[in-house]
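Just so it is clear, the model here is predicted, and its values are computed rather than measured.
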Amino acid sequence: MADTKYIFVTGGVVSSLGKGIISASLGKLLQARGYSATIQKFDPYINVDPGTLNPYEHGECYVTIDGHEADLDLGHYERFLNVPTTRANNITTGRIYQSVIEKERKGDYLGKTVQVVPHITDEIKRNVKLLGSKYKFDFVITEIGGTVGDIESLPFIESVRQLKWELGKNCMCVHLTYVPYIAAAKEYKTKPTQHSVKQLQELGIQPDILVLRTERMLSADLLRKVALFCNVAEEAVVQSVDVPTIYEVPLVLQKQKMDETVLRKMGLEVGPKPEMKAWNDFLQRKVAATETVKIGLVGKYVELQDAYKSIDESLLQAAIYNDRKLELHMIHSEKITEANVAELLSGMDGLVIAPGFGQRGIEGKFVSIKYARENNIPTLGICLGMQCMVIEYARNVLGLENANSTEMDVYTPYKVIDLMEEQKNVTNMGGSMRLGAYDCTLKKGSKAYKAYKKENIQERHRHRFEFNSQYRDQFEAAGMKCTGENPETNLVEIMEIPDLNWFVGVQFHPEYSSTVVSPNPLFVSFVKAAIDNKK
């Protein structure tokens, strides 16, 4: 295709409507038609990236292959499109202003007064076009975070207005709004949508497609009313009704021919409806599954819906590919003690020990790991979870009393987990961890090797502390083996106990690379072990 097409997705009325899912679903439909597509997220907050944001503030922090800490919506983009993302796929107001200020300090603006228009908007537009010009995608779908009318997102909306003018038919806007149901009146109300579109029009943008978020199906009359009052063609008013899983959303949009509407509006040939066989097979396996697998996720943010989003989705995918329904139990590590651990964990087919930072809830993780190890429950430890497996083993098997990570106790007599050498002089917290994809060589015959079915893999990292290799011989002699390591630095990446059914800790984050059509092998292997344990 000669020119890259740009689609902007904005939201109105309320936040958390699912712009990311709509963007990912539209990208999936275009991809199914043979086009290359990518999605980027513009976040209006002033943080340079979400890496230093508390999960209570922002949910999970996702990591791209090139080591950028990004918004969790990038996880949805990758899970749907099966295409890796980079730092170019997530831009914040903080990064835009940081870039403009750095240019101003260097004198790039030749002494001119630096203003929101044109300098900030030009920088935003440059980042929008970068994916099309540098990576040559056919479609770049850009999700604008927040809600239309927010003061923070105004520069982004102004940039969209300018791009719609500059790019003509190669640019369009999809606007997602909420249609509330008033129980007392027993009817849906379209006035919030009308006001939201009017607000967008006041900012100079006429939406090309409207997506109406709703709990139940809307009538044809109501859809026609919205089209009439919002200056949108009837066929361009689409409804996004609640469905059992987010992975059904592409099919819901396809049924309403949203992808066909996009192609027509951009002057492209529509062609036959794509079959999407792999996607449909996945959903059919999900529906066909009757037996369940019960997994306990032990962490300190379990009350937050999005704190472990990628892990939740990876477990769901792995369960479906093992023809099981996932029964996920979120277990708060702060509430686990020696007295109640058997009551909380005895019914689980498998356990995941969650990643994280800091002291809070750590002792509950040690108790959980000890119980799982002694009762031979399949267990997967991720990042800090793997480090906790090492510490528990050091204390209770090696007899190294008070063994710990120097993250938790700098004065521990046994530093089985220690700060990485290159991290010891780091003072800035943002974007300074060991981040992104790194190589790992697996030991043949190990559980990890059997899962991946190859010797060399690559997974993403986000950590400052590592297994202290001075203790490697001691651990291996006692039965906990180092079965994966970085070929360049010899950093230990995987620890496992071969004598147990499935007891594996990984320093990396396998959840970041698990997608609908390509589930991460480690999760698939873990869930299979949990099913076998249940039998």
Side-chain angles (χ1 to χ4, degrees), residues 4-24 26-27 38-50 53 58 68 70-74 76-77 85-103 114-133 137 139-167 170-177 195-211:
T4 299
K5 311 291 183 184
Y6 296 89
I7 301 172
F8 295 94
V9 179
T10 57
V13 185
V14 293
S15 59
S16 302
L17 289 179
K19 292 191 300 295
I21 302 300
I22 294 297
S23 301
L26 178 56
T38 190
I39 312 171
Q40 66 181 173
K41 172 78 180 284
F42 280 166
D43 274 309
Y45 52 73
I46 298 175
N47 303 65
V48 172
D49 60 51
L53 281 173
H58 205 68
H68 177 67
D71 181 82
L72 61 84
D73 274 320
L74 269 72
H76 290 313
Y77 305 161
T85 53
T86 67
R87 65 182 288 109
N89 292 81
N90 189 204
I91 309 293
T92 67
T93 294
R95 255 180 75 191
I96 295 294
Y97 273 83
Q98 185 183 54
S99 177
V100 169
I101 289 168
E102 284 174 356
K103 288 177 182 177
V114 179
Q115 298 174 287
V116 173
V117 181
H119 301 101
I120 296 297
T121 52
D122 282 352
E123 183 66 16
I124 292 169
K125 284 153 59 179
R126 185 185 70 80
N127 279 281
V128 169
K129 292 178 176 178
L130 182 67
L131 282 168
S133 60
F137 285 102
F139 282 91
V140 174
I141 301 171
T142 303
E143 176 193 346
I144 309 294
T147 308
V148 169
D150 293 347
I151 193 168
E152 296 98 333
S153 60
L154 286 175
F156 293 107
I157 298 297
E158 169 59 19
S159 301
V160 174
R161 184 196 68 77
Q162 293 179 23
L163 283 167
K164 281 203 78 176
W165 179 256
E166 293 168 14
L167 296 170
N170 288 333
C171 182
M172 66 184 297
C173 176
V174 176
H175 190 52
L176 173 65
T177 73
H195 279 299
S196 179
V197 172
K198 184 180 179 182
Q199 202 164 22
L200 197 56
Q201 289 168 336
E202 287 173 354
L203 296 169
I205 299 173
Q206 168 61 47
D208 299 282
I209 294 177
L210 277 179
V211 180

Asker: Are I124 and E158 packed together at the side-chain level, in the sense that at least one heavy-atom pair is separated by less than 4.5 angstrom?
Answerer: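 No - every pair of side-chain heavy atoms lies 4.5 Å or more apart.
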Asker: Looking at side-chain heavy atoms only, is the closest gap between I46 and E152 below 4.5 Å?
Answerer: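 With C-beta onward as the side chain, the pair stays apart.
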Asker: Output yes when a side-chain donor or acceptor of K19 lies under 3.5 Å from a complementary backbone atom of T147, and no otherwise.
Answerer: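 Not a single qualifying donor-acceptor pair exists.
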Asker: Ignoring hydrogens and geometry, is there a side-chain-to-backbone donor-acceptor pair from S99 to I96 under 3.5 Å?
Answerer: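 No, because the side chain of S99 does not come within donor-acceptor range (under 3.5 Å) of the backbone of I96.
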Asker: Ignoring hydrogens and geometry, is there a side-chain-to-backbone donor-acceptor pair from D71 to D73 under 3.5 Å?
Answerer: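 Confirmed, D71 side chain pairs with D73 backbone.
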Asker: T92 side chain to V48 main-chain N or O, any donor-acceptor pair under 3.5 Å?
Answerer: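 Such a contact is found between T92 side chain and V48 backbone.
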Asker: With side chains defined as the heavy atoms from C-beta onward, is the minimum distance between N90 and T85 less than 4.5 Å?
Answerer: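 The answer is no; the side chains never approach within 4.5 Å.
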Asker: Evaluate the side-chain proximity of V128 to Y6: yes if any heavy-atom separation is below 4.5 Å, no if none is.
Answerer: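 The answer is yes, as the side chains (C-beta and beyond) meet within the 4.5 Å cut-off.
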Asker: With sequence neighbours left out, what residues match E123 under salt bridge (Lys or Arg N to Asp or Glu O under 4.0 Å)?
Answerer: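 Scan of E123 (salt bridge (Lys or Arg N to Asp or Glu O under 4.0 Å), adjacent residues dropped) gives K103, R126.
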Asker: With a 3.5 Å cut-off and no angle check, do the side chains of T38 and N89 form a donor-acceptor pair?
Answerer: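 Note: T38 and N89 side chains meet the donor-acceptor criterion.
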Asker: Is the side chain of K164 donor-acceptor paired with the backbone N or O of Q206 at a distance under 3.5 Å, no angle test?
Answerer: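 Checked: pair present.
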Asker: Does R95 form a side-chain contact (heavy atoms from CB on, under 4.5 Å) with D49? I'd like the steps, not just the answer.
Answerer: CA-CA 8 Å; R95 255 180 75 191; D49 60 51; 5.7 Å; no
Asker: Run the side-chain contact (heavy atoms from CB on, under 4.5 Å) check on E143 and H76 step by step: do they pass?
Answerer: CA-CA 12 Å; E143 176 193 346; H76 290 313; over 6 Å; no
Asker: Is there a side-chain contact between C173 and L200 (heavy atoms, below 4.5 Å)?
Answerer: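 They are in side-chain contact.
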Asker: Between L154 and L203, is any pair of side-chain heavy atoms under 4.5 Å apart?
Answerer: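 Yes, at least one pair of side-chain atoms sits under 4.5 Å.
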Asker: Is the closest side-chain heavy-atom distance between L163 and F8 below 4.5 Å?
Answerer: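 Contact flag for L163/F8 side chains = yes.
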Asker: So, T4 side chain and F137 main chain: donor-acceptor pair closer than 3.5 Å or not?
Answerer: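 Yes, T4 side chain to F137 backbone: donor-acceptor pair under 3.5 Å.
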Asker: For a 4.5 angstrom cut-off between non-hydrogen side-chain atoms, does H175 reach I205?
Answerer: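 No. Closest side-chain heavy atoms not under 4.5 Å.
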Asker: For the side chain of S153 and the backbone of P44, is there at least one donor-acceptor N/O pair under 3.5 Å apart?
Answerer: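 Judged by distance alone, no pair lies under 3.5 Å.
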Asker: Can you see which heavy atom on V9 is nearest to which on S23, and at what distance?
Answerer: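 It is CG2-OG, 3.4 Å.
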